[in-house]
Amino acid sequence: DIEMLKVCKVSEQAGKVAMTMCSKCADFLAQNRPAIEEAESIRAETTNALALLHPKIHNSTRLATESTQRAKDQRDRIVRKAAAAKRKERRASTFKLFDKDGDGFLKREEL
């Protein structure tokens with residue numbers, strides 16, 4: 001489980017970086033679109049290229065968001081499972097303190 005937690009952490013970090021980069025790409029295109037479209041001789045090419053880039057950036061952002069969320073969900077599951085195992089272990093050790101004859105049952109005399 002510790003290895004999985006490490007993998008989840010790395011995945012979350014990579015997803016955040018990917019979302020940041022996608023956001024920067026979208027911002028760059030939005031800020032520089034007028035300058036890009038100024039070139040009259042290649043206006044049709046640039047318009048088509050920009051039209052193709054926007055869906056790709058949007059899709060990449062969506063995929064990064066989804067994978068980051070899956071990694072976070074997996075990490076949360078592992079943490080909850082470990083916490084439940086720890087609680088179970090504490091209960092068992094407390095039970096053993098009172099179960100003096102070790103038969104797995106508590107009797108009035110043992111309390």
Which heavy-atom pair separates Pro34 from Ala30 by the least distance, and what is that distance? CD-O, 4.2 Å
Per the side-chain hydrogen bond (donor to acceptor under 3.5 Å, both in side chains) rule, what does the pair list look like for residues 84-99, sequence neighbours excluded? none
I'd like to know if the side chain of Asn48 and the backbone of Ala44 have a donor-acceptor N/O pair within less than 3.5 Å. yes
Holding to side chain to side chain contact (heavy atoms under 4.5 Å, CB included), I want the full list of residues that pass it with Thr20, two or more places apart in sequence or in another chain. Lys24
Listed once per pair and sorted, the salt bridge (charged side-chain N to carboxylate O under 4.0 Å, His left out) pairs that draw on residues 10-22, sequence neighbours left out: Glu12-Arg75
My understanding is that only residues two or more places apart in sequence, or in another chain, count here; which of them pass salt bridge (Lys or Arg N to Asp or Glu O under 4.0 Å) with Lys72? Asp76
Would you say that more than 12 heavy atoms from the other residues, nucleotides or ligands in this model lie under 6.0 Å from the CD1 of Ile2, or not? no
Are any non-hydrogen side-chain atoms of Met19 and Cys22 less than 4.5 angstrom apart? no
Checking Asp27 against Gln31: is there a side-chain donor and acceptor pair closer than 3.5 Å? no
Which residues pass the side chain to side chain contact (heavy atoms under 4.5 Å, CB included) test with Ile42, not counting sequence neighbours? Ala39, Glu45, Thr46
With sequence neighbours excluded, residues passing salt bridge (Lys or Arg N to Asp or Glu O under 4.0 Å) with Arg43: Glu40
Salt bridge (charged side-chain N to carboxylate O under 4.0 Å, His left out): pairs with one or both residues in residues 53-65, sequence neighbours excluded: Arg62-Glu66
Hits for side chain to side chain donor-acceptor pair (under 3.5 Å) against Asp101, two or more places apart or cross-chain, chain-then-number order -> Lys107
More than 12 non-hydrogen atoms from neighbouring residues, nucleotides or ligands closer than 6.0 Å to CZ on Phe28, yes or no? no
Can you tell me if Thr68 uses its side chain to pair, donor with acceptor, with the backbone of Ala64 under 3.5 Å? yes
Grab the two heavy atoms, one from Phe95 and one from Phe105, that are nearest each other, plus how far apart they are. CZ-N, 4.0 Å
Not counting sequence neighbours, which residues clear side chain to side chain donor-acceptor pair (under 3.5 Å) with His58? List them please. none
Other members of the hydrophobic cluster containing Leu5, with the 4.5 Å side-chain heavy-atom rule, please. Met4, Ile78, Val79
In the single-linkage hydrophobic clustering (I, L, V, M, F, W, Y; side-chain heavy atoms under 4.5 Å), do Leu50 and Ile57 co-cluster? yes
Please identify each residue that fulfils salt bridge (Lys or Arg N to Asp or Glu O under 4.0 Å) with Arg77, with sequence neighbours left out. none
Could you tell me which residues satisfy salt bridge (Lys or Arg N to Asp or Glu O under 4.0 Å) with Lys100, sequence neighbours excluded, listed by chain and number? none
